[in-house]
There are 2 protein chains.
Amino acid sequence: MNNDAMQPIPLPTIRRFPEYLRFVEDKRLAGEEWISTTEIGAAIGRKSVVVRKDLSYSGVAGHPRRGFRLEELAPALRRSLGWDNATDAFLVGVGSLGQALLGYGGFANYGMRIVAAFDCNDDITGGSMAQSQIFPIQKLPQLAKRMNVKLGIIAVPQDVAQSVANILVDAGIRGIWNFAPVQLDVPSNVVVRREDLSHGLAVLSYQLREECETIRPE
Amino acid sequence: MNNDAMQPIPLPTIRRFPEYLRFVEDKRLAGEEWISTTEIGAAIGRKSVVVRKDLSYSGVAGHPRRGFRLEELAPALRRSLGWDNATDAFLVGVGSLGQALLGYGGFANYGMRIVAAFDCNDDITGGSMAQSQIFPIQKLPQLAKRMNVKLGIIAVPQDVAQSVANILVDAGIRGIWNFAPVQLDVPSNVVVRREDLSHGLAVLSYQLREECETIRPE
DNA sequence: TAGATTGTTAATCGATTAACAATC
DNA sequence: TAGATTGTTAATCGATTAACAATC
């Protein structure tokens with residue numbers, strides 16, 4: 001019944017889960033009780049059969065003719081994502097990107113909470129921003145141990161990203177969300193996820209040009 | 001020889017192109033002349049055969065025993081991406097995310113230039129930020145036509161994203177880079193690319209939990 | 001030459017899609 | 001019941017990987 005360590009969920013499915021969750025939560029707040037995969041698909045732009053296949057991994061069963069019970073589906077999606085208990089995270093680098101991440105209030109919905117920020121610039125350490133204190137990077141190891149933090153966010157310039165990663169790993173961090181455009185070198189038991197805007201922009205640029213060219217006849 | 005409208009390039013390949021380009025540019029600046037796919041793969045964490053297959057789409061031929069000529073490869077990658085001529089773009093929404101995007105200097109490398117920003121908040125319109133003037137959103141249509149801008153970036157809250165998209169489309173914008181977590185409804189000839197941090201965080205959370213669980217024996 | 005490298009073809013893998021049976 | 005919906009199995013599609021020939 002429960003899917004801990006049962007079958008692994010394909011990553012494309014995992015990527016779609018947050019969209020389902022967002023829609024499902026909206027509907028629940030709107031007071032609905034049931035939702036069909038047809039409706040979910042229409043809302044987020046996917047075929048209903050994809051939604052149905054994906055939801056089967058959540059462990060929740062649907063009801064023919066009615067769909068899925070929202071009260072069941074929302075927590076199941078959250079659990080599958082590991083978002084049922086918010087994970088504490090450290091942010092390293094309080095430049096413009098770091099500030100945007102600190103200012104973004106939505107991470108609570110994504111099972112994450114930034115509990116402290118770090119920087120090497122003395123002008124901003126000691127202060128706080130969006131309810132997070134900013135510490136000098138030297139304090140990271142002791143605070144990571146004391147607060148038992150396992151997730152680190154790297155929002156520093158490219159050239160110091162690897163050294164920040166080393167500090168995080170030494171401090172016992174198990175997962176890194178990396179916003180620097182560098183391939184980090186870490187032990188195999190540390191999970192790294194790299195966020196790279198150039199990927200999305202590449203696809204957009206390519207499709208944009210393609211679109212223009214298919215228009216021109218010849 | 002040249003690959004305009006020749007065979008379409010697979011999107012996974014397009015997504016990897018910026019990484020190749022970054023590395024290739026570094027090597028070129030370092031004064032190197034040749035680069036092998038083995039070396040590129042090692043640097044960015046891919047198998048050399050993937051790199052080789054991908055580079056074949058760029059239209060550049062390698063040389064057995066030496067690899068690829070950097071002077072040829074860099075411009076070819078740029079061209080394939082449509083990054084050979086910088087595209088002018090409008091940014092809509094100058095909140096914390098919008099400010100981070102304006103402040104980020106790296107888009108020039110990605111073939112894009114933010115030429116103006118728009119917001120509906122009177123307190124910031126009229127001013128400027130990171131060399132971009134901030135205009136009231138009402139000015140967007142006339143400026144889009146005058147400056148012939150075809151790319152729009154949406155960095156506004158969820159609930160106004162669709163209405164901003166409508167404004168952009170009416171103003172003749174052909175591509176939208178959407179940072180709001182909403183499925184935009186636009187005509188089929190407008191290309192939309194949605195950037196959604198929750199996807200990456202979902203994968204990270206899932207892998208992080210999986211990692212912890214595979215450790216535990218039983 | 002020997003061997004590192006490119007480039008291509010065939011095999012594999014995994015996700016999406018199509019088709020359809022099961023359910024209330 | 002009829003029909004909307006779930007859920008599953010088989011077919012398709014496309015990308016990755018493996019194997020190997022070609023080149024200098």
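These numbers come from the heavy atoms of this one structure, side chains and all, not from hydrogens, waters or symmetry mates. Below, read A as the first sequence line, B as the second, and so on, with proteins coming before strands; counting in each chain starts at 1.
Screening residues 42-64 of chain B for salt bridge (charged side-chain N to carboxylate O under 4.0 Å, His left out) gives B:R16-B:D54 as the qualifying pairs, with residues at least two apart or on separate chains. Sequence neighbours left out, the pairs with a member in residues 22-47 of chain B that pass ring-ring contact (aromatic ring centres under 6.0 Å, His included) are B:W34-B:H63. For residues 155-208 of chain B, the pairs satisfying ring-ring contact (aromatic ring centres under 6.0 Å, His included) are B:F107-B:W177, B:W177-B:F179, with sequence neighbours left out. Here salt bridge (charged side-chain N to carboxylate O under 4.0 Å, His left out) pairs that include residues 147-158 of chain A, with residues two or more places apart or in two chains, number zero. The salt bridge (charged side-chain N to carboxylate O under 4.0 Å, His left out) pairs that include a residue from residues 29-39 of chain B are B:K27-B:E39, B:E33-B:R69, where partners are two or more places apart or lie in different chains. Applying the salt bridge (charged side-chain N to carboxylate O under 4.0 Å, His left out) test to every pair with at least one member in residues 92-103 of chain A, sequence neighbours left out, gives no pairs at all.
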message: Does the protein touch nucleotides 2-11 of chain D at the base, only the backbone, or not at all? Give it as B, S and - per nucleotide, heavy atoms under 4.0 Å.
response: -BSBBB----
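One atom, CZ of B:R46, and another, C1' of D:dT17, lie 14 Å apart when rounded to the nearest Å. If you measure from atom CG of A:L11 to atom C1' of D:dT16, you get 15 Å, rounded to the nearest angstrom. The distance between atom CG of B:D54 and atom P of D:dT17, rounded to the nearest whole Å, is 11 Å. Rounded to whole Å, atom C1' of C:dC13 lies 12 Å from atom NZ of B:K47.
Near DNA chain C, meaning a heavy atom under 4.0 Å from it, residues 12-21 of chain A has A:P12, A:R16 in order of number.
In this structure A:E195 satisfies the salt bridge (Lys or Arg N to Asp or Glu O under 4.0 Å) test with no other residue, sequence neighbours excluded. With sequence neighbours excluded, the residues that form a side-chain hydrogen bond (donor to acceptor under 3.5 Å, both in side chains) with A:S198 are A:D196.
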Check: residues 112-120 of chain B side-chain donor-acceptor pairs under 3.5 Å, at least two apart:
unit_1 : atom_1 : unit_2 : atom_2 : d
B:R113 : NE     : B:D88  : OD1    : 3.0
B:R113 : NH2    : B:D88  : OD1    : 2.7
B:D119 : OD1    : B:N121 : N      : 2.9
B:D119 : OD2    : B:V94  : N      : 2.6

- prompt: Given the rule that a pair is Watson-Crick or G-U wobble with both distances under 3.5 Å, how would you write DNA chain D in dot-bracket, using | for pairs to a different strand?
  reply: ..||||||||||||||||||||||
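Ion pairing between A:R22 and A:E19 fails under the 4.0 Å rule for side-chain N and carboxylate O.
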